[in-house]
Amino acid sequence: MLYLYNSRTKEKDAFVPIYDHHANMYTCGPTVYNYAHVGNLRTYIFEDILRRVLKYNGYKVNHVMNITDVGHLTDDADQGEDKMEKGAKREGKTAWEIATFYEKAFKTDMALLNMLEPTTWCRATDHIDEQIAMVTMLLEKGHAYKTTDGIYFDTTSIPDYGEMANIQNQELAAGSRVDMGEKKNIHDFALWKFTKEGENRQMEWVAFEKKGFPGWHIECSAMAVKYLGEQFDIHCGGIDHIPVHHTNEIAQTEAVTEKKPWVKYWLHGEFLLIEKDKMAKSGDNFITLQTLEEKGIDPLAYRYFLLQAHYRKQVHFTFEALEAASQGLKRLKNTIARIPEETVKDMSVAGAFLEAINDDVNTPEALALLWKGLKDNVITKELVTDFDKVLGLKLLDLETKEDVIPENIQILVEKRKQARSEKNWALGDSLRDEITELGYDIEDTPDGQRVHKRT
Ligand code: AMP
Ligand code: ZN
């Protein structure tokens, strides 16, 4: 049985899909006004692992991911500039060119990180009619009202607004000021915004008698309902989506469909932090996959780095930790490449692996089991291939034959380890010389010796 932590029930729930053997999931996709940073990519890697876990459990997964190419404002409280228009100004291109460019860049990142492609991609700008239809229905049902600057959802028109985020019980921080404008209630949010007088927008459509554009949340509701139906199994995103984006998606969708719950399981990935701050798309700590590649770090080493932590735990990004993960992945692949042919697999390891990933996607435990099984010589290459369906680390792909540390070098390395543990430094040094002469470099680290072929 697969258990997943559900942000809506705040418990690890047994996964029982609406339709037998099928898992329907929607993941909030990128806002394509810039490259994804490694924090964003953490969320997508978690979702990819979740999807693989579902598949491994025999479910036919229908995975829908949107591309936000309009309407996501710089401020979550419906103020500020449209991120797409901002990106266009920054780069002197049209908003449409920006969207095309960064959507492609995102898909390249996904491929480099060995993420599975969603079964359906959907762009907000390709679904304007569906969004207008949903806003119209909300107006008709009395859940929305018009102001001079847009159409807003009336959060007091439903009994349980903000239940998942426990919003009703949260006081606003003392002294905080909320610019209500013409909003009736503090949490009301924009479904549709009108283009401001004198504003020169590139992306706008005529609806509700004026030029305007969709609010950010409505796209996910309209597209998820279109592709997955009025009720489906799983919806994911980063943890920051709980209080605003997902709260608003739930409110407007359940108000339209009058069916509860819209989504059975809500899953959220924790943040990647850099120097205690969350990584943001502005500021100095903006690190992309390209940044890593420029430093010679394999994207899959980043994936391995993340899998060492549970997706509901914060992770601190440092280049030192990433370098250690990179070495760890190389060692893992090397160990796998040298699994003796005569190894007999122990099926209890496979059982334990399944149990770990089915316990709310416990990848650190799954990796620990893999390492231990390799050490105990009870894992075959066939079993690694099977585990890698979930991990997606390409564990049996070696870039070149050189990546495999040959047997004779391994023996020398082991001897040196032994010599050093016996404090026989002279022997240790002469073994190092021998290894170096054979074209390999050896490094002593707190995690032990690291060997690599000199390039
Ligand atoms: P965006 O492209 O800004 O819409 O964000 C894409 C995804 O990345 C969303 O699911 C966010 O919740 C998530 N996200 C943003 N910052 C971080 C971070 N520092 N760590 C993990 N996920 C993040
Ligand atoms: Zn969304």
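In each ligand, atom 1 is the first atom listed, and ligand 1 is the first ligand listed.
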Practice task
Could you tell me which atoms of ligand 1, counted from 1 in the order shown, lie closer than 4.0 angstrom to a heavy atom of P30?
Solution key: 2 (O)
Fill in the blank from the handout: So the atoms of ligand 1 within less than 4.0 Å of a heavy atom of E270 turn out to be 21 (C)
Practice task
Inspect the contact between K330 and D298 and indicate whether a charged nitrogen and a carboxylate oxygen are less than 4.0 angstrom apart.
Solution key: no
Completion exercise
In short, S7 meets M164 closest at the heavy-atom pair O-CG, 3.6 Å
Problem - Test of proximity, G39 against ligand 1: N or O pairs below 3.5 Å - result: yes
Practice task
For the pair Y161 and F153, evaluate ring pair (Phe, Tyr, Trp, His ring centres under 6.0 Å) and give the outcome as yes or no after the intermediate values.
Solution key: CA-CA 11 Å; Y161 176 78; F153 185 88; 7.0 Å; no
Handout entry: Angle in degrees, rounded to 10°, that NE2 of H245 and OE2 of E249 form at the Zn ion (ligand 2)
Key = 70°
Handout entry: Close approach, H268 and ligand 1, non-hydrogen under 4.0 angstrom
Key = no
Practice task
Output the list of atoms in ligand 1 that are nearer than 4.0 Å to some heavy atom of T43, sorted by atom number.
Solution key: 10 (O), 13 (C), 21 (C), 22 (N), 23 (C)
Exercise for the section: Check whether any N, O or S atom of H241, backbone or side chain, sits closer than 2.8 Å to the Zn ion (ligand 2). Expected result: no
Problem - Residue selection (non-hydrogen contact nearest atom 18 (C) of ligand 1) among F317, F271, Y311 - result: F271
Exercise for the section: Kindly say whether the aromatic ring centers of Y227 and H127 come within a distance under 6.0 Å. Expected result: yes
Handout entry: salt bridge (charged side-chain N to carboxylate O under 4.0 Å, His left out) between E230 and K259, intermediate numbers included
Key = CA-CA 7 Å; E230 292 190 347; K259 286 190 186 144; 2.7 Å; yes
Practice task
Examine L272 against ligand 1 and note whether any of their N/O atoms are separated by less than 3.5 Å.
Solution key: yes
Completion exercise
Logged contact type for H241 with ligand 1, heavy-atom cut-off 4.0 Å, is side chain
Problem - Under-4.0 Å salt bridge between D149 and K193 - result: yes
Handout entry: NZ/NE/NH1/NH2 to OD/OE distance under 4.0 Å, E254 and R8
Key = yes
Practice task
State whether K146 and E209 are salt-bridged, where the test is any N-O pair (Lys NZ or Arg NE/NH1/NH2 against Asp/Glu carboxylate O) under 4.0 Å.
Solution key: yes
Problem - Part of D240 within contact of ligand 1 (heavy atoms, under 4.0 Å) - result: side chain
Practice task
Compute the shortest N/O to N/O distance between T31 and ligand 1 and return yes if it is under 3.5 Å, no if not.
Solution key: yes
Fill in the blank from the handout: C28 SG to C220 SG via the Zn ion (ligand 2), rounded to 10°, gives 130°
Practice task
For the pair K107 and E103, find out whether any cationic side-chain nitrogen is under 4.0 Å from an anionic carboxylate oxygen.
Solution key: yes
Problem - K83, any N or O under 3.5 Å of ligand 1 N or O - result: no
Exercise for the section: Could you confirm whether H217 has any N/O/S atom lying under 2.8 Å from the Zn ion (ligand 2)? Expected result: no
Practice task
Consider every N or O of Y44 and every N or O of ligand 1, then say whether any pair is closer than 3.5 Å.
Solution key: no
Practice task
Confirm or rule out an N/O/S atom of H246, from backbone or side chain, lying less than 2.8 Å from the Zn ion (ligand 2).
Solution key: no
Exercise for the section: Without swapping roles, check the side chain of T291 against the backbone of T288 for a donor-acceptor pair under 3.5 Å. Expected result: yes
Problem - K260 and D160 ion-paired at < 4.0 Å - result: yes
Exercise for the section: Verify the ring-centre separation between H241 and W216: is it less than 6.0 angstrom? Expected result: yes
Exercise for the section: Return yes when H37 approaches ligand 1 closer than 4.0 angstrom through a heavy atom, no otherwise. Expected result: yes
Handout entry: Numbered atoms and elements of ligand 1 in range of G238, under 4.0 angstrom, heavy atoms
Key = 10 (O), 12 (O)
